[in-house]
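Structure provided below as structure tokens; questions to follow.
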Amino acid sequence: MIAFEQVNKFYGDFHVLKDINLTIQDGEVVVVIGPSGSGKSTLLRCINGLETTSDGVLKVKNIQVNEKKTDINKLRRNIGMVFQHFNLYPHKTVLENITLAPINVLKQSAEEAKKTAMYYLEKVGIPDKASSFPSQLSGGQQQRVAIARGLAMKPEIMLFDEPTSALDPEMVGEVLDVMKALAKEGMTMVVVTHEMGFAKEVGDRIVFMDQGRILEEEMPVEFFENPKEERAKVFLSRILNH
Amino acid sequence: MDFSGAFTSDNLLFLLEGFYVTLKVAFISIVFSFIIGGLVGTLRFAKIPLLSKVLAVIVELVRNLPLLLIILFTYFALPELGINLSITVSAIVALTIFESAMLAEIVRGGLNSIPKGQMEAARSSGLSYVQALRLIILPQALRRMVPNLVSQFISLLKDTSLAVVIALPELLHNAKIIQAQHPSYVIPIFLIISLMYFVVNYALSLVAKRLELKHA
Ligand SMILES: Nc1ncnc2c1ncn2[C@@H]1O[C@H](COP(=O)(O)OP(=O)(O)OP(=O)(O)O)[C@@H](O)[C@H]1O
Ligand SMILES: [Mg+2]
């Protein structure tokens with residue numbers, strides 16, 4: 001469903017992604033880990049075309065992302081994205097945040113969009129916040145709204161870029177719980193995170209990146225118990241001893 | 001000195017007529033420059049390859065010229081190019097050119113002040129660039145721009161007095177006519193026109209404060 005073939009990316013002279021080959025199947029949960037600056041966000045953002053690739057082929061649902069002919073807006077309907085800093089629209093209520101794209105992109109009626117929005121708000125556990133503004137919510141609640149906003153487009157793929165990194169520790173759990181439920185329902189997920197518990201529990205595969213390269217691609221059990229790459233070992237010891 | 005003659009209803013009416021012209025010219029210029037400046041600022045923000053660069057050059061050029069020069073240009077130089085404008089239209093065109101450039105920068109700055117994540121979230125959800133601008137970025141940016149926009153409008157209202165050089169019958173012009181006939185009225189006339197400018201501009205800035213509080 002998502003396929004990188006020999007993908008490279010440069011920022012000017014800087015080589016951010018190096019020879020990326022990665023295939024992600026429908027329903028898979030892939031957790032991307034690696035040190036800061038290793039290119040995790042860039043990899044994720046290439047999938048929905050927020051970043052362009054420099055060469056190689058990247059296909060999502062068999063459609064080449066970086067092609068002139070590709071209708072990127074149409075492709076993005078199928079790919080939800082959740083950001084580290086939530087990026088909710090501050091001038092819109094929670095409900096409006098969630099219904100905006102369904103109404104304007106999918107041309108749903110306001111009622112239909114509202115029904116869907118309430119369904120997902122229910123699902124992330126904060127239906128009572130529908131008419132609040134984002135600034136009135138806690139970080140954990142904001143991130144759950146952001147997830148509901150992504151889900152309301154009924155995407156086949158969800159991308160998460162460090163969804164819990166900006167949260168106070170006591171709010172991490174509530175967001176991870178929503179993500180775990182989603183994973184268990186069979187959503188295709190690509191998750192950049194430092195939450196190793198989450199990776200072990202619901203990850204189908206761990207992708208370890210360093211300096212723009214994918215160094216290891218393993219089942220979680222295998223990766224955590226028996227990392228092969230020296231740099232993966234160092235990274236794990238650092239993050240697990242925290 | 002005897003000022004009493006300065007406050008006759010004839011004089012006041014004449015000044016009010018001038019102030020009406022000031023307000024009219026300022027208002028029309030504001031409407032046009034809001035449209036043009038908004039469009040130019042947005043196009044510059046959108047970084048459209050050639051167009052944004054060209055607009056940047058024009059905006060910088062205009063912003064670095066004295067408004068007085070632009071007023072003189074539209075009235076005295078354009079006819080040489082075969083474009084004859086009435087005094088009022090000259091003044092409106094000059095003010096619009098200048099204020100559009102000023103507003104374009106305010107609009108561009110306002111758009112740039114919205115965090116990148118807003119555009120990314122909007123585009124990720126499948127909105128087109130124009131939809132994202134219209135629904136997500138512009139509404140937020142406009143709220144932040146209100147104080148700057150209003151103070152620019154106040155400047156424009158004051159700057160309208162520069163059109164006195166092409167004899168636009170605005171407030172300052174009419175005041176000068178009265179003074180020419182009655183040199184001793186200088187001070188009262190100045191007081192009256194100052195009061196007129198002050199009342200309107202101060203009211204505008206109060207409105208701006210209200211709007212700011214509402215959005216804070
Ligand atoms: N727009 C850009 N222009 C130039 N360099 C960039 C740009 N965006 C990212 N980079 C660089 O590319 C590298 C990879 O960035 P990326 O954000 O993908 O890393 P990351 O693995 O997500 O790191 P983190 O864990 O800190 O989020 C970094 O060295 C970063 O400085
Ligand atoms: Mg990152």
With a 4.0 Å cut-off on N to O distance, would you call A:Glu185 and A:Lys123 a salt bridge?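 A salt bridge is present here (some side-chain N lies under 4.0 Å from a carboxylate O).
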Is it true that A:Arg45 and B:Glu120 have a side-chain N and a carboxylate O under 4.0 angstrom from each other? yes
What orientation do B:Tyr197 and B:Phe19 show, parallel under 30°, tilted 30 to 60°, or perpendicular over 60°?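 Perpendicular.
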Dump the intermediate steps for salt bridge (charged side-chain N to carboxylate O under 4.0 Å, His left out) on B:Glu105 and B:Arg44, then the final yes or no. CA-CA 9 Å; B:Glu105 279 310 276; B:Arg44 278 200 71 189; 2.8 Å; yes
Under 4.5 Å from any heavy atom of chain B, what part of A:Leu50 do you find: side chain, backbone, both or neither? side chain
Taking every non-hydrogen pair under 4.5 Å, which of B:Pro115, B:Pro139, B:Ser125 racks up the most with chain A?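 Most pairs with chain A among the choices: B:Ser125.
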Is A:Leu75 close to chain B through its backbone or its side chain, or both, or neither, when contacts mean heavy atoms under 4.5 Å?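 Neither the backbone nor the side chain of A:Leu75 comes within 4.5 Å of chain B.
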So for A:Tyr89, is it side chain, backbone, both, or neither that comes closer than 4.5 Å to the heavy atoms of chain B? both
Given that the side chain runs from C-beta out, which part of A:Asn104 has a heavy atom under 4.5 Å from chain B: side chain, backbone, both or neither?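 For A:Asn104, heavy atoms of backbone and side chain both lie under 4.5 Å from chain B.
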Taking the basic N atoms (NZ, or NE/NH1/NH2) and the acidic carboxylate oxygens, is any pair closer than 4.0 Å for A:Lys114 and A:Glu111?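 So A:Lys114 does not pair with A:Glu111 through a salt bridge.
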Closest non-hydrogen atom pair, A:His15 against A:Lys9: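 Looking at all heavy atoms of both residues, the closest pair is CD2-O, 3.5 Å.
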Quick check on B:Gln118 against chain A: is it the side chain, the backbone, both or neither that has a heavy atom closer than 4.5 Å?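 For B:Gln118, the contact with chain A is made by backbone and side chain together.
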Proximal component of A:Lys74, with respect to chain B [non-hydrogen, under 4.5 Å]: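 Neither part; nothing is under 4.5 Å.
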